[in-house]
Engineer: 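Mind having a look at this structure? Questions to follow.
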Amino acid sequence: MKLLMVAVNTVKPASISVRLHVMYMHSASYRHRSGKKIMASHIVGYPRMGPKRELKFALESFWDKKSSAEELEKVAADLRASIWKQMADAGIKYIPSNTFSYYDQVLDTIALLGAVPPRYNWSGGEIGFDTYFSMARGNASVPAMEMTKWFDTNYHFIVPELGPDVKFSYASHKAVNEYKEAKALGVDTVPVLVGPFTFLSLSKPAKGVEKTFNKLSLLDKILPIYKEVIADLKAAGASWIQFDEPILVMDLESHQLQAFTKAYSELESSFSGLNVLIETYFADVPEGAFKAVTSLSGVSAIGFDLVRGAKTLDLIKGGFPAGKYLFAGVVDGRNIWANDLAASLTTLQALEGIVGKDKLVVSTSSSLLHTAVDLVNEPKLDKEIKSWLAFAAQKVVEVDALAKALSGAKDEAFFSANAAAQASRKSSPRVTNEAVQKAAAALRGSDHRRATNVSSRLDAQQKKLNLPILPTTTIGSFPQTLELRRVRREYKAKKISEDDYVKAIKEEINKVVKLQEELDIDVLVHGEPERNDMVEYFGEQLSGFAFTANGWVQSYGSRCVKPPIIYGDVSRPNPMTVFWSSTAQSMTKRPMKGMLTGPVTILNWSFVRNDQPRFETCYQIALAIKDEVEDLEKAGINVIQIDEAALREGLPLRKAEHAFYLDWAVHSFRITNCGVQDTTQIHTHMCYSNFNDIIHSIIDMDADVITIENSRSDEKLLSVFREGVKYGAGIGPGVYDIHSPRIPSTEEIADRVNKMLAVLDTNILWVNPDCGLKTRKYAEVKPALQNMVAAAKQIRTQLASAK
Ligand SMILES: *[C@@H]1O[C@H](CO)[C@@H](O)[C@H](O)[C@H]1NC(C)=O
Ligand SMILES: *[C@@H]1O[C@H](CO)[C@@H](O)[C@H](O)[C@H]1NC(C)=O
Ligand SMILES: *[C@@H]1O[C@H](CO)[C@@H](O)[C@H](O)[C@H]1NC(C)=O
Ligand SMILES: *[C@@H]1O[C@H](CO)[C@@H](O)[C@H](O)[C@H]1NC(C)=O
């Protein structure tokens with residue numbers, strides 16, 4: 001069977017559907033021949049993009065009108081077929097369907113329910129690509145629907161817009177079509193639907209609907225549609241349906257849980273003759289929700305995330321209803337690490353004792369959407385490191401191996417290879433660096449702060465820097481031209497020499513420095529022409545990081561990210577930015593900012609090791625960045641920015657865990673710069689998010705200056721200060737939105753700054769754009785910065801004459 005799998009992975013998707021039937025038959029007969037009854041296995045969901053992002057390229061080509069709808073549909077169908085086939089071959093019993101999506105599964109549910117907002121002029125009937133992609137992406141005449149984070153993952157979903165007047169109807173038959181499609185290929189699947197409770201809970205009031213609108217009151221309206229869908233699936237032959245209800249892991253109130261119970265009791269009548277699985281994931285299920293979900297009489301199976309849900313495991317041990325199936329999510333859907341099969345087997349055996357052999361199903365902790373696709377496409381990855389990893393395709397095999405082992409058909413060779421890999425990971429010298437371990441352990445429970453308070457530091461810095469009031473600066477990056485990307489690419493491919501590379505980058509820095517001097521900006525940046533990405537650039541120079549060729553994970557729509565893998569103790573063999581920053585400083589008399597990415601952001605944008613707590617890894621990164629900060633200071637850099645774009649983003653799902661996270665995250669930031677002199681000015685930058693709830697943690701970071709992405713939400717950020725929070729450090733809420741090509745006028749910027757001055761002291765305010773300028777063109781950047789500096793000067797004059 002393994003041989004077949006390998007063969008399949010190298011086959012082009014286009015040729016797969018033809019062979020599928022034959023191979024699946026083979027797999028089924030294998031199971032018969034083994035003679036043993038195999039414990040059931042299940043996969044919650046699977047990545048859609050394809051092993052080499054085939055769907056991304058097909059979508060983008062279709063959107064650019066370079067290919068037809070039929071061509072897109074063909075790529076999609078081939079991908080689905082290859083996934084079903086792969087799972088069938090591996091021996092998975094409950095194979096999901098309808099986890100494929102052209103854009104997003106919540107948008108698919110919006111389509112299923114016909115909940116299209118009126119601005120898309122949908123006039124009924126089956127929803128096609130036109131309406132679907134207009135909702136997803138907008139077009140020249142209509143904006144897209146809002147997108148937001150799917151729980152604590154980096155996946156983003158389209159937010160349903162609902163209100164009392166929305167008319168629902170069964171408007172997309174995708175679920176039943178995909179079920180039939182798989183069946184025609186010889187695979188009987190479990191259709192997956194976003195559950196009605198989660199769907200409504202994640203929605204927002206449509207335009208014009210009161211914020212206080214009770215979203216759950218719409219259950220009465222959407223359940224009849226769900227019933228139609230269920231009937232349709234049943235008629236097509238489905239014997240199982242999976243409802244994803246991840247919202248059950250959140251902090252819910254009792255009235256919400258009552259609505260959940262009521263919804264599924266209402267659906268019960270259509271469940272006859274069906275097995276219904278309610279799937280939860282991403283965290284522990286709180287006790288109240290556990291009771292609610294395990295008490296549903298019409299539901300025959302419940303899925304739990306047992307990787308992130310240690311407390312759920314205790315609840316199950318405390319009592320699980322007789323006769324129901326337990327889908328035990330022991331293979332992690334959120335990371336790229338090989339499962340510790342021996343440990344999972346022990347957990348599963350304990351569960352078997354509680355729910356019985358027939359009722360235990362081995363599963364993944366969540367959909368595999370949040371991990372990379374297939375390790376076979378990483379031929380360049382170091383062999384030892386590779387032996388520690390499992391991407392989605394490998395996780396499917398792990399699930400199956402566990403199920404077989406539980407049934408007494410243990411693949412000894414597979415298990416011992418796994419045990420050997422686990423052992424090598426524990427003992428490998430490339431994982432362990434004792435000096436780093438010791439240094440990081442010493443940080444626990446201690447505190448790190450600069451010796452002097454921020455107001456005294458700012459005074460000392462001002463004496464050295466001598467900046468005007470309302471100093472101007474930018475966030476770090478300047479436009480990355482095609483030429484620049486070419487130089488970096490050719491250097492990496494060893495097509496140009498190091499000398500030529502350094503010369504080209506120096507020229508670029510010089511251009512950026514001269515431009516900023518011409519514009520009369522006060523604190524300069526070097527523009528980051530040598531960097532591809534704010535995490536990868538550092539990860540490539542730190543030890544303990546590995547990079548993949550195809551380890552892509554969907555972020556939204558066709559967009560994917562390729563996070564680095566942190567596999568070992570992190571240290572910094574050599575300075576990473578000192579050469580470029582001091583080169584840039586030598587080109588100007590004005591202060592040049594050193595630019596670093598902070599530890600929390602590096603951690604959060606990587607696949608993090610699972611053999612030690614996250615904070616431990618974060619402290620290690622913090623120590624590496626601390627070395628860099630101190631080397632920059634020694635090299636004469638007086639202003640150093642340490643970006644923590646992801647600090648707010650990393651906040652855990654549940655409120656009870658916030659304080660602990662914020663404590664180590666903020667501590668990590670302070671570690672990076674607790675060793676510098678008072679006269680060295682530490683900046684930080686954050687992307688927009690809701691700061692109001694973590695403002696005290698931001699103050700506790702004790703940076704000298706913070707710049708914040710703000711212009712898309714002016715009022716929200718400033719309201720914190722209006723409500724009386726005292727902020728003594730420097731602050732630069734972005735004065736214009738760099739995400740748009742629009743050039744803001746001087747008046748508009750001045751107006752913004754004046755609004756800020758109404759709530760913030762003159763001597764702490766900085767004037768800067770929202771974010772780095774890397775994605776913009778010089779034709780936009782130059783006039784925008786010109787207007788920004790003009791606005792700052794205009795207000796300085798006003799303030800001087802008002803004295
Ligand atoms: C919807 O119809 C209205 C009225 O015919 C039209 O003005 C508008 O542009 C249409 N919107 C879209 C997105 O096509
Ligand atoms: C934009 O989307 C709407 C809704 O699907 C569609 O009616 C309209 O034709 C689209 N307009 C353009 C310019 O593509
Ligand atoms: C950072 O972590 C948070 C919380 O786990 C998550 O929501 C976010 O998507 C992560 N960011 C990235 C780029 O992975
Ligand atoms: C900061 O420290 C200085 C010098 O020690 C002291 O005079 C001042 O009161 C302190 N300011 C605050 C806000 O604590």
Side-chain angles (χ1 to χ4, degrees), residues 59-69 71-73 101-104 106-147 158-163 165-169 171-174 206-208 447-465 556-558 666 670 673-682 695-706 721 724-731 741 760-765:
L59 280 167
E60 290 173 359
S61 153
F62 173 69
W63 293 337
D64 290 346
K65 301 196 164 46
K66 287 185 189 134
S67 59
S68 66
E71 285 168 296
L72 173 59
E73 283 165 343
S101 178
Y102 283 104
Y103 204 92
D104 162 46
V106 181
L107 181 60
D108 293 347
T109 315
I110 292 171
L112 174 104
L113 297 169
V116 181
R119 64 178 178 280
Y120 300 99
N121 288 355
W122 174 62
S123 53
E126 184 80 4
I127 290 172
F129 280 158
D130 268 8
T131 305
Y132 183 83
F133 288 130
S134 308
M135 289 192 281
R137 313 175 62 234
N139 66 26
S141 54
V142 63
M145 293 177 75
E146 185 190 320
M147 199 164 60
I158 300 281
V159 185
E161 299 171 22
L162 304 176
D165 303 329
V166 177
K167 297 240 177 330
F168 297 95
S169 63
S172 163
H173 291 66
K174 177 177 175 295
K207 216 172 153 209
D447 196 14
H448 295 81
R449 288 177 189 276
R450 294 174 75 177
T452 314
N453 67 36
V454 67
S455 47
S456 306
R457 294 194 317 254
L458 286 170
D459 288 346
Q461 290 156 15
Q462 178 58 11
K463 280 198 190 105
K464 187 154 189 175
L465 298 171
Y556 62 87
S558 66
V666 169
R670 285 199 312 260
N673 60 81
C674 63
V676 300
Q677 298 165 31
D678 288 356
T679 48
T680 298
Q681 187 165 76
I682 300 294
I695 185 72
H696 294 287
S697 298
I698 291 178
I699 294 173
D700 202 33
M701 288 169 78
D702 198 29
D704 296 308
V705 177
I706 180 168
F721 302 108
V725 170
K726 265 280 159 232
Y727 195 68
I731 180 166
L760 291 165
D761 286 344
T762 320
N763 60 352
I764 62 168
L765 190 64

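Order of listing sets the numbers, starting from 1, for every ligand and every atom in it.
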Engineer: Identify, by atom number and element, the atoms of ligand 4 in contact range of Ser455, meaning under 4.0 Å from any of its heavy atoms.
Structural biologist: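 Close to Ser455: 11 (N).
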Engineer: Between Gln461 and Asp678, what is the shortest heavy-atom contact and its length?
Structural biologist: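 So the minimum-distance heavy-atom pair works out to NE2-O, 2.9 Å.
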Engineer: Once salt bridge (charged side-chain N to carboxylate O under 4.0 Å, His left out) is applied, what residue pairs with a partner in residues 107-123 remain, sequence neighbours excluded?
Structural biologist: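 Every pair satisfying salt bridge (charged side-chain N to carboxylate O under 4.0 Å, His left out) with a residue in residues 107-123: Asp108-Lys174, Arg119-Glu161.
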Engineer: Just verifying a value: how many Å separate Ile110 CD1 and Asp104 CG, rounded to the nearest 0.5 Å?
Structural biologist: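 With rounding to 0.5 Å, CD1 (Ile110) is 7.5 Å from CG (Asp104).
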Engineer: For ligand 2, list every N/O pair with the protein closer than 3.5 Å, one pair per line with the distance.
Structural biologist:
from     : atom 1 : to     : atom 2 : distance (Å)
ligand 2 : 2 (O)  : Ser134 : OG     : 3.0
ligand 2 : 2 (O)  : Asn139 : ND2    : 2.3
ligand 2 : 5 (O)  : Ser134 : OG     : 2.9
ligand 2 : 11 (N) : Asn139 : ND2    : 2.9
ligand 2 : 14 (O) : Asn139 : ND2    : 3.3

Engineer: Got a second to check how far Ile158's CD1 is from Met135's CE, nearest 0.5 Å?
Structural biologist: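 Rounded to the nearest 0.5 Å, the CD1-CE separation comes to 8.5 Å.
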Engineer: Quick check on contacts: which atoms of ligand 4 are under 4.0 angstrom from a heavy atom of Ser456?
Structural biologist: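 Result: 1 (C), 2 (O), 3 (C), 4 (C).
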Engineer: Output all residues satisfying side chain to side chain donor-acceptor pair (under 3.5 Å) with Asn139, sequence neighbours left out; order by chain, then residue number.
Structural biologist: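 Asn139 satisfies side chain to side chain donor-acceptor pair (under 3.5 Å) with Ser141 once adjacent residues are dropped.
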Engineer: Taking atom types as modelled, is there a side-chain donor on Glu71 or Ser68 under 3.5 Å from an acceptor on the other?
Structural biologist: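 Short answer, yes.
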Engineer: Which residues pass the side chain to side chain donor-acceptor pair (under 3.5 Å) test with Glu60, sequence neighbours left out?
Structural biologist: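 Testing Glu60 for side chain to side chain donor-acceptor pair (under 3.5 Å), a comparison that skips the adjacent residues, returns Lys56, Ser558.
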